[in-house]
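As the structure lists them, so they are numbered: ligands from 1, and atoms in each ligand from 1. If you're wondering where the values come from, they're calculated on a predicted model, not measured in any experiment. We use all heavy atoms of the structure for the numbers below, so side chains are in, but hydrogens, waters and symmetry mates are not.
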Amino acid sequence: MPSAASRQEPVTERFAQHCFVQACRGLPHDRVPVWFMRQAGRSLPEYRAVRGSGSILDAIKDPDLATEITLQPVRRYGVDAAILFSDIVVPVHAVGFGVTVTPGVGPEVQHPFRSASDLQRLRPLDPETDTPYVLETVRLLVDELKVPLIGFAGAPFTVAAYLIEGRPSRDYLLAKSLMFNAEKLWHGLLDRLADLAIASLQSQVECGAVAVQLFDSWAGALSAEQYKRYVAPHSEKVFEALATSGVPRIHFGVNTSELLNLLAAVGADVVGIDWRVRIDDARARLGDAVALQGNLDPAAVVAGVGPALAGTREVLAANGGHPSHIFNLGHGVVPQCDPDVLSEVVRVVHDEGKVGSLTHAPQ
Ligand code: 1CP
């Protein structure tokens, strides 16, 4: 059943002139849009109040709860976009790979990916039957939200890293060993993960997500040559499949200063950058064809209102009023963050973030 809002007007049209969408496209708009990766979640007292103690995967399976958690930061901060409350391991969990998310640790896999026979544990995702709760949450949100909803998926490399390592890792030794020693199997795995991301993202867009973000959080572990050979074809497949949807496609990774051109070249409309690279340097490298998202250090927010606002003003100054900027942190909000500091960051971005006119129209 289409929702009330989607019956009235296609949601992408409803938000076509919104500052977030305009900034993704590098088109003129009235204020610098701001949202935060991991804006929902553990730093918010209202999240802890409704969340309970079970697995996050159970919370995601409850559309009313997931809707409420998605809306909480939008209400509190007045951010210009919502991000669906879900997780990058939801599709692999839903097809029965055997992934859990352990509180305080992150994704864990009981039987990590080791050999060709494990490919059988990654059947295709049918979003309508495998993740109906995600689609219901998106539909509920589209009815409620006055700002665009960002759908997301984990990029093939970052999800593969969890499936092979079996838990969060610092050095990805097991994942890289498989990559170097069993290239055919590696590509088989990433191809299936690309298909899962495509199915998930397309279904989120069909239900009303206005933009999508592909999280390749751990791509910074790779050299440019490794990224090109082992990862780029698969992320490119995801971006290509989403091209016809017409929604802005955001590509994000941490520690990817040396990979920015490649992250753009696989087909992103927006590249997320962390705090290690200045926005003006990133733009000099990438040109005006892509927008940039970022890049306040989350540690500056934890440090307090002084460092957070100084860092916010530095980011705005480095962007210099360019219309192709979406303000964000360089990575997700951390649990230690004081929500009042983030409120101040939003206030300063909205009060002081000036959007100048575009000198070179993007293609
Ligand atoms: O129960 C809990 O509260 C556990 C913490 C938590 C939360 C709030 C996890 C486990 N996932 C989430 C939600 C989540 N995950 C969101 C929606 C919330 C929002 O952004 O507002 C999103 C976008 C993600 C995406 C995600 N999950 C990423 C990419 C973003 C990033 O931070 O790099 C990654 C790497 C994960 C894996 C994951 N899931 C959970 C944790 C603690 C982790 C990271 C573990 C690690 O360090 O490797």
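Here Ile56 contributes atom CD1 and Thr102 contributes atom OG1; the two are 11.5 Å apart, rounded to the nearest 0.5 Å. Considering NZ of Lys176 and CG of Asn181, their distance stands at 13.5 Å, rounded to 0.5 Å.
The nearest pair of heavy atoms linking Ala82 to Val74 is CB-CG2, 3.7 Å.
Using cut-offs of 30° and 60° for the angle between ring planes, the Phe157 and Trp186 rings count as tilted. Taking the six-membered ring where tryptophan is involved, the planes of Tyr162 and Trp218 are perpendicular, since the angle between them exceeds 60° and thus also 30°.
Contacts of Phe36 with ligand 1, taken as heavy-atom pairs under 4.0 Å, are absent altogether. At a 4.0 Å heavy-atom cut-off, ligand 1 does not touch Ser169 at all. Of all the heavy atoms of Thr70, none lies under 4.0 Å from any atom of ligand 1, so neither backbone nor side chain is involved.
Between the choices Asp87, Ile83, Leu84, the shortest heavy-atom distance to atom 11 (N) of ligand 1 belongs to Asp87. For atom 31 (C) of ligand 1, the nearest non-hydrogen atom from the set His331, Gln39, Met37 comes from His331. Nearest-heavy-atom check against atom 14 (C) of ligand 1 across Ser43, Ala59, Ser86, Gly106 picks out Ser86.
With ligand atoms numbered from 1 in the order given, ligand 1 contributes 3 (O), 5 (C) to contacts under 4.0 Å with heavy atoms of Arg42. Counting the atoms of ligand 1 from 1 in the order shown, those under 4.0 Å from a heavy atom of Pro168 are 45 (C), 46 (C), 48 (O). Those atoms of ligand 1 that come under 4.0 Å of a heavy atom in Ser217, given as number and element, are 29 (C), 30 (C), 31 (C), 33 (O), 35 (C). Within ligand 1, the atoms closer than 4.0 Å to a non-hydrogen atom of Arg51 are 1 (O), 2 (C), 3 (O), numbered from 1 in the order shown.
Nearest non-hydrogen protein atom to atom 7 (C) of ligand 1 is Ile56 CD1, 3.2 Å. The protein heavy-atom contact nearest to atom 21 (O) of ligand 1 is Ala40 N, 2.9 Å. With respect to atom 38 (C) of ligand 1, the closest heavy atom belonging to the protein is Pro107 CD, 3.5 Å. Protein heavy atom at the shortest distance from atom 45 (C) of ligand 1 is Tyr162 OH, 3.4 Å. Atom 10 (C) of ligand 1 has as its closest protein heavy atom Val101 CG1, 3.4 Å. Of the protein's non-hydrogen atoms, the one nearest atom 26 (C) of ligand 1 is Arg38 NH2, 3.5 Å. Closest to atom 22 (C) of ligand 1, if we only count protein heavy atoms, is Phe152 CZ, 3.5 Å. For atom 30 (C) of ligand 1, the nearest non-hydrogen atom of the protein is Phe215 CD2, 3.4 Å.
The shortest separation from a heavy atom of Pro103 to ligand 1 is not under 4.0 Å, leaving the residue out of contact. Not a single heavy atom of Gly332 sits closer than 4.0 Å to an atom of ligand 1.
Not one N or O on the side chain of Asp216 forms a donor-acceptor pair closer than 3.5 Å with the backbone of Ala155.
Taking any N or O of Thr158, backbone or side chain, none lies under 3.5 Å from an N or O belonging to ligand 1. Remark: ligand 1 and Tyr47 share an N or O pair separated by less than 3.5 Å (distance only, no angle test).
Under 4.0 Å is where a charged nitrogen must lie from a carboxylate oxygen, and between Glu144 and Arg139 no such pair does. Remark: Arg276 does not engage Asp297 in a salt bridge, criterion side-chain N to carboxylate O under 4.0 Å. With salt bridges taken as basic N to acidic carboxylate O contacts below 4.0 Å, one links Arg229 and Glu183. A salt bridge between Lys228 and Glu225 is present, with a side-chain N of the basic residue lying under 4.0 Å from a carboxylate O of the acidic one. Between Asp118 and Arg121 a salt bridge is recorded (basic side-chain N to carboxylate O distance below 4.0 Å). A salt bridge is absent between Asp62 and Arg51: the closest approach of a Lys/Arg side-chain nitrogen to an acidic carboxylate oxygen does not fall below 4.0 angstrom.
When ring centroids are compared, Phe20 and His29 stay outside the 6.0 Å threshold.
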